[in-house]
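Below: one structure, written as structure tokens.
Every chain is numbered from 1 and lettered A, B, ... according to where its sequence line falls, protein lines coming before strand lines.
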Amino acid sequence: MSWNDERIEQLKKLWADGLSASQIAAELGGITRNAVIGKVHRLGLSGRAKTATAAAPRSRKQRTPAPAPRQNGFVRGNVVLAPRVAPEEVPEVETELATEPVENVVPIGQRCSILELNEATCRWPIGEPGRPDFSYCGGRAISGLPYCSFHARIAYQPVADRRRDRRVG
DNA sequence: CCCTGATTCGC
DNA sequence: GCGAATCAGG
């Protein structure tokens, strides 16, 4: 391919229209974008004010929609990293306890700091992180769960209710 | 890594 | 004059 008058006119027009060198090369065919750029320079056309690509940005790739967040089996309120446990596996606790304000249930002497937590201690946070009196429950955790029976009950209560309601209705 | 234009330099 | 290779930048 060579630069005859017709192709040069096309080049001038397309360049003036703001097409990129590679786009023009594709339009004219049989030529590379380097050839286009070189010709543009030789013609003294370089230094466009604005490129069409700058004015009209190329289409973005469409994002694959994010998967909907899972809701079943996770925790309401204070959250620690906890396994999703079927509500049937959460042992029952006395209902009187569940009606009391959470903060009053855990004896002060039982509570512990983050450094004292281990597999066997309940990791339910009590209070406001950053406050000097912030602590964890420190009770005896159910095997395989990060909570004692009381806090496990609280943690998984919403799901248990939901499942139970569905069975009834 | 995709793209852009700019520059160089052997042909 | 031509354009591949390369550079610099978004």
Open item on the list: As a test of reading the structure: which of C:dC2, B:dG5, C:dA4 is closest to the side chain of A:N34, going by heavy atoms?
Closed with: C:dA4
Open item on the list: Whether A:K39 contacts C:dC2 is assessed here as follows: a side-chain N or O lying under 4.0 Å from the phosphate OP1 or OP2. Is that the case?
Closed with: yes
Open item on the list: Which is more 5' along DNA chain C, the nucleotide nearest A:V36 or the one nearest A:R33? Just name the residue.
Closed with: A:V36
Task: d(CH2, A:W15; C1', B:dA6) in whole Å - done: 10 Å
Task: Length of the CG-C1' vector between A:L11 and C:dG3, whole Å - done: 13 Å
Open item on the list: In whole Å, I'd like the distance from the CG atom of A:L45 to the P atom of B:dT7.
Closed with: 14 Å
- [ ] Could you check whether A:S46 gets within reach of a base, just the sugar-phosphate, or nothing at all, counting any heavy atom under 4.0 Å?
- [x] sugar-phosphate
Task: From C:dC2, B:dT4, C:dA4, nucleotide with atom closest to A:R42 side chain - done: C:dC2
Could you list, one pair per line, each protein nitrogen or oxygen that sits under 3.5 Å from a nitrogen or oxygen of nucleotides 8-11 of chain B, together with the distance?
none

Task: Euclidean distance, atom CD1 of residue A:I31 to atom P of C:dA4 [Å, nearest integer] - done: 8 Å
Task: Residues forming a side-chain hydrogen bond (donor to acceptor under 3.5 Å, both in side chains) with A:E27, sequence neighbours excluded - done: none
Open item on the list: Nearest to the A:S22 side chain among B:dT4, C:dG3, C:dC2, which nucleotide is it?
Closed with: B:dT4
- [ ] Give the nucleotide from the list C:dC2, C:dA4, B:dT7 with an atom nearest to the side chain of A:T32.
- [x] C:dA4
Open item on the list: Can you tell me if A:S20 touches the phosphate of B:dT4, counting only side-chain N or O atoms and a distance under 4.0 Å to OP1 or OP2?
Closed with: yes
- [ ] Rounded off to whole Å, could you give me the CD-to-P distance for the A:Q23 and B:dC3 pair?
- [x] 11 Å
